[in-house]
Amino acid sequence: RMRKLEKKLEENKIKEEKEAQDLEAMVQHVEQNLQLMTKRAVKAENSVAKLKQENTLLQVQLRSYKAENEALQLGQAGLAAAKQNAELALQHLLRVTTSSRESIRQLLSGAESLQLVADLLKSIDRISEVSEDGQ
């Protein structure tokens with residue numbers, strides 16, 4: 001009976017070691033995913049900052065074109081060219097705005113993914129603490 005118990009104890013130890021290794025591998029995988037998502041989030045943040053900067057520049061340019069358009073309307077000279085420039089600037093601004101919104105959506109999605117991973121890591125820590133307390 002004692003040998004059976006010793007054998008069972010040894011089997012349980014082996015099983016527990018395998019589970020610990022599996023858990024460690026899972027934690028490493030989650031950490032790698034977290035690092036990857038962090039890189040993506042940083043890249044998205046940089047992209048958003050760049051697009052915001054470009055958006056601001058285009059808004060200034062658009063105001064300039066609008067002012068030019070008004071001046072040309074007063075003088076009646078080159079009205080068609082100014083309207084075309086203003087329209088082109090507006091179209092460009094609308095494209096940049098749409099692109100900026102998509103980048104912001106991606107950034108928010110990345111942040112949600114990071115939060116999910118953080119919550120997963122917290123739960124893994126709790127599982128580890130419960131396992132340690134149960135020994």
Side-chain angles (χ1 to χ4, degrees):
R1 177 173 170 87
M2 185 180 213
R3 285 188 196 124
K4 284 183 182 180
L5 289 175
E6 287 175 347
K7 185 178 179 182
K8 183 142 183 120
L9 178 63
E10 187 62 32
E11 288 173 357
N12 285 344
K13 283 183 182 179
I14 292 171
K15 182 179 176 184
E16 190 175 299
E17 286 175 10
K18 172 134 179 47
E19 288 174 355
Q21 289 172 354
D22 290 345
L23 184 59
E24 182 63 30
M26 184 179 75
V27 168
Q28 288 177 355
H29 182 72
V30 168
E31 287 173 349
Q32 289 172 350
N33 286 341
L34 181 60
Q35 289 174 350
L36 179 64
M37 284 188 269
T38 301
K39 287 179 184 177
R40 285 177 46 202
V42 167
K43 185 177 177 182
E45 287 173 351
N46 291 337
S47 177
V48 166
K50 180 181 172 188
L51 290 171
K52 282 182 179 181
Q53 202 172 30
E54 187 178 348
N55 192 7
T56 301
L57 177 66
L58 289 172
Q59 287 176 349
V60 169
Q61 192 176 18
L62 180 60
R63 283 193 293 273
S64 172
Y65 286 141
K66 284 183 178 181
E68 181 183 347
N69 188 25
E70 290 174 10
L72 289 173
Q73 283 179 347
L74 291 174
Q76 295 298 317
L79 180 59
K83 283 185 177 181
Q84 184 179 6
N85 285 343
E87 182 63 30
L88 286 174
L90 178 61
Q91 289 173 3
H92 191 64
L93 177 63
L94 291 173
R95 280 195 300 271
V96 169
T97 302
T98 301
S99 177
S100 296
R101 286 184 179 144
E102 182 59 31
S103 294
I104 290 169
R105 278 191 212 101
Q106 289 175 354
L107 177 62
L108 290 174
S109 175
E112 289 173 2
S113 296
L114 288 174
Q115 183 62 48
L116 180 63
V117 170
D119 292 343
L120 178 62
L121 289 174
K122 284 181 187 176
S123 67
I124 290 172
D125 285 343
R126 281 190 232 121
I127 291 171
S128 296
E129 290 172 9
V130 169
S131 295
E132 291 173 8
D133 292 343
Q135 290 181 356

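This chain uses plain numbering: 1 for the first residue, then up along the sequence. Just so you know, these numbers use all the heavy atoms, side chains as well, and skip hydrogens, waters and symmetry mates.
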For a 4.5 angstrom cut-off between non-hydrogen side-chain atoms, does Lys13 reach Leu9? yes

Without placing hydrogens or testing angles, list every side-chain donor-acceptor pair under 3.5 Å for residues 57-64, not counting sequence neighbours.
from	atom 1	to	atom 2	distance (Å)
Gln61	NE2	Tyr65	OH	3.0

Straight-line distance of Glu54 CD to Leu93 CG, nearest 0.5 Å: 9.5 Å

Taking side chain to side chain donor-acceptor pair (under 3.5 Å) as the definition, give me every residue that meets it alongside Glu87, ordered by chain and number, with sequence neighbours left out. Gln91

List, by chain and number, the other hydrophobic cluster members for Val48, where Ile, Leu, Val, Met, Phe, Trp and Tyr join if side-chain heavy atoms come within less than 4.5 Å, directly or indirectly. Ile104, Leu107, Leu108

Just to verify, what does Leu116 make a side chain to side chain contact (heavy atoms under 4.5 Å, CB included) with, not counting sequence neighbours? none

Do Val42 and Leu36 land in one hydrophobic cluster if side-chain heavy atoms of ILVMFWY residues count as linked below 4.5 Å? no

Using links of under 4.5 Å between side-chain heavy atoms of ILVMFWY residues, direct or through other members, which residues join Leu5 in one cluster? none

Side chain to side chain contact (heavy atoms under 4.5 Å, CB included) filter on Ser113, not counting sequence neighbours, yields Met37

Any chance you could lay out the side chain to side chain contact (heavy atoms under 4.5 Å, CB included) test for Lys4 and Lys8, step after step, and finish with the verdict? CA-CA 6 Å; Lys4 284 183 182 180; Lys8 183 142 183 120; over 6 Å; no

To which residues is Ile14 joined in a hydrophobic cluster, defined by side-chain heavy-atom contacts under 4.5 Å among Ile, Leu, Val, Met, Phe, Trp and Tyr, whether direct or through other members? none

Side chain to side chain contact (heavy atoms under 4.5 Å, CB included) against Lys7, all qualifying residues, sequence neighbours excluded: Glu11

Who are the salt bridge (charged side-chain N to carboxylate O under 4.0 Å, His left out) partners of Asp22, not counting sequence neighbours? Lys18

Can you pull the salt bridge (charged side-chain N to carboxylate O under 4.0 Å, His left out) pairs that have at least one residue in residues 91-109, sequence neighbours excluded? Glu102-Arg105

The reported gap from OG in Ser100 to CG in Asn55 (rounded to nearest 0.5 angstrom) is 5.0 Å

Hydrophobic clusters here meaning ILVMFWY residues chained together by side-chain heavy-atom distances under 4.5 Å, can you tell me if Leu88 and Leu90 are in one? no

Among all residues two or more places apart in sequence or in another chain, which pass the side chain to side chain donor-acceptor pair (under 3.5 Å) test with Asp119? Gln115

Nearest 0.5 Å, please: how far is CD in Glu31 from CD1 in Ile124? 8.5 Å

Scan residues 36-53 for pairs that pass side chain to side chain donor-acceptor pair (under 3.5 Å), counting only residues two or more places apart or in two chains. none

